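Okay, structure first, notes after.
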Amino acid sequence: MIHYFDHTTSTNDLARGADYHHMDVIWAGSQSAGRGQRGHKWHSVEGKNLTFSVVLEPHFLPIVEQFILSEVVALALVDTLKNYDLEARIKWTNDIYVGDSKIAGVLIEQMLATDHIARTIVGIGLNICQTTFPDDLPNPTSMRLEGAKESSPREVLEAFMLNLGRWYTCLVDGDKDAIGQRYNSLLYHRDELHTYAYASGEHFEAIIRRVQPTGHLELEHADGTISAYAFKEVEFCLPKKLR
Ligand code: BTN
């Protein structure tokens, strides 16, 4: 069920409420404290984009396999953009890119029980109609800027929920390899030489080969060795685009 609010602090916070359950959507027209990854704020002009959270209750999923939920969500976003004729890619771990610009971001927060996932809150910001962004955002874009056919946020949200339902069913059915393969096939910068940075700031060139089921990024270095990195251990170095 979709629950709409004109305004809230963060839909991820609201989604923690005990009244919400599996596949409930908490959607807000604006957020005063929208959160992004790595402690960033999420910027979105009121009413122009989608800012919402989906509650999942994947009680069957072992905690060590939680990364597959990121894959499922990223795949549902890519399929939704494809519904609007946009070819999107997944920038590890789950930013959604069209070309070299970010069109959607995902913030997943887990509520864990002793040995399983009690509740997952999937927070999504998807840019739909916004055409100008603050200068300090490195490379934002929106469906309108990328030339997608006009659509209301509600229509896009309903399309996303259908796609999420399909990929989630795939997970429930145990088709984990299909999810991992599709996720890897859509990776941004896969099999190309690009510059990355360690958390220390040191730059290096490497090639993305794949993402492991644990969520670790496998990079092939100049000497041919392959190393696996956890989130926050390496970053993409992308040029700031001028719009
Ligand atoms: C990112 O940094 O890319 C993740 C952005 C996630 C933003 C969404 S907007 C809806 C939900 N509520 C929040 O506070 N954050 C997420």
Side-chain angles (χ1 to χ4, degrees), residues 2-17 20 23-56 66-67 69-78 80-81 88-111 119-130 133-134 136-143 145-146 153-154 156-161 164 183 186-189 211 215 217 230-232 234-238 240-241:
I2 296 177
H3 305 264
Y4 178 79
F5 299 84
D6 286 332
H7 181 77
T8 187
T9 50
S10 158
T11 55
N12 269 34
D13 292 341
L14 215 52
R16 290 176 180 264
Y20 302 124
M23 289 292 173
D24 275 343
V25 175
I26 292 79
W27 169 25
S30 75
Q31 302 180 110
S32 55
R35 293 196 294 279
Q37 290 176 20
R38 301 175 191 255
H40 292 129
K41 285 188 175 162
W42 183 254
H43 161 87
S44 178
V45 168
E46 183 166 356
K48 297 261 183 202
N49 304 313
L50 271 175
T51 48
F52 66 101
S53 302
V54 183
V55 174
L56 299 178
Q66 60 181 282
F67 183 73
L69 295 168
S70 289
E71 296 182 329
V72 161
V73 171
L75 291 175
L77 279 167
V78 169
T80 303
L81 291 165
R89 290 286 174 272
I90 304 161
K91 177 172 163 278
W92 177 77
T93 52
N94 51 16
D95 285 348
I96 307 299
Y97 270 48
V98 174
D100 289 317
S101 301
K102 178 166 168 172
I103 199 163
V106 181
L107 179 68
I108 294 186
E109 295 176 329
Q110 305 283 15
M111 297 162 79
R119 177 182 287 205
T120 301
I121 295 167
V122 180
I124 296 176
L126 170 59
N127 296 333
I128 298 183
C129 301
Q130 193 170 333
F133 291 88
D136 57 338
L137 293 182
N139 52 353
T141 192
S142 65
M143 291 174 65
L145 281 174
E146 296 302 327
R154 179 173 285 273
V156 179
L157 176 56
E158 284 171 359
F160 170 77
M161 289 308 292
L164 181 65
Y183 176 92
L186 289 165
L187 278 181
Y188 176 72
H189 280 181
V211 174
L217 180 70
F231 182 60
K232 291 189 180 163
V234 286
E235 258 194 87
F236 288 66
C237 298
L238 300 175
K240 182 170 165 37
K241 250 180 72 168

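Bear in mind that the values here come from a model prediction, so they are computed numbers and not experimental data. Whatever order the structure lists ligands and atoms in, that order sets their numbers, starting from 1.
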Next on the checklist: Check contact between K102 and ligand 1, using heavy atoms of the residue and a distance below 4.0 angstrom.
Outcome noted: yes
Checklist entry - Which residue supplies the protein heavy atom nearest to atom 2 (O) of ligand 1, what is that atom called, and how far is it? => result Q37 N, 2.6 Å
Checklist entry - Looking only at protein heavy atoms, which one is nearest to atom 10 (C) of ligand 1, and how far off is it? => result T11 OG1, 3.2 Å
Item to check | Under 4.0 Å to a heavy atom of G36 - the qualifying atoms of ligand 1, by number | outcome: 1 (C), 2 (O), 4 (C), 5 (C)
Next on the checklist: Within the 4.0 Å heavy-atom shell around V106, which atoms of ligand 1 are there?
Outcome noted: 3 (O), 4 (C)
Next on the checklist: So, taking the atom named CG in D100 and the one named NE2 in H189, what distance separates them when rounded to the nearest 0.5 Å?
Outcome noted: 5.5 Å
Item to check | ligand 1 to T51 polar contact by distance, N or O atoms, under 3.5 Å | outcome: no
Next on the checklist: Which of the numbered atoms in ligand 1 are under 4.0 angstrom from any heavy atom belonging to F52?
Outcome noted: 10 (C), 11 (C)
Checklist entry - Can any side-chain N or O of Q130 pair as donor or acceptor with the backbone N or O of N49 at less than 3.5 Å? => result no
Next on the checklist: If we ignore hydrogens and angles and just use 3.5 Å, is the side chain of R119 paired with the main-chain N or O of A15 as donor and acceptor?
Outcome noted: yes
Checklist outcome for this item: If we number the atoms of ligand 1 from 1 as shown, the ones under 4.0 Å from a heavy atom of G34 are 14 (O)
Checklist entry - Taking the non-hydrogen atoms of Q31, is any one of them nearer than 4.0 angstrom to ligand 1? => result yes
Item to check | Minimum side-chain heavy-atom gap Y4-F52 below 4.5 Å | outcome: no
Checklist entry - Which value, rounded to the nearest 0.5 Å, describes the distance between D13 atom CG and R35 atom CZ? => result 4.0 Å
Next on the checklist: Main chain of A28, side chain of T51: is a donor-acceptor contact present, judged purely on distance under 3.5 Å?
Outcome noted: yes
Item to check | Aromatic ring proximity Y183/F67, centre distance under 6.0 Å | outcome: yes
Item to check | Donor-acceptor under 3.5 Å (S142 side chain, L145 main chain) | outcome: yes
Next on the checklist: Quick test: of every protein heavy atom, which one is nearest to atom 5 (C) of ligand 1, and how far off is it to 0.1 Å?
Outcome noted: W42 CE3, 3.3 Å
Next on the checklist: Which residue and atom name correspond to the protein heavy atom nearest atom 15 (N) of ligand 1, and how close is it?
Outcome noted: R35 O, 2.7 Å
Checklist entry - Under a 4.0 Å heavy-atom limit, does D95 contact ligand 1 with its side chain, its backbone, both, or neither? => result side chain
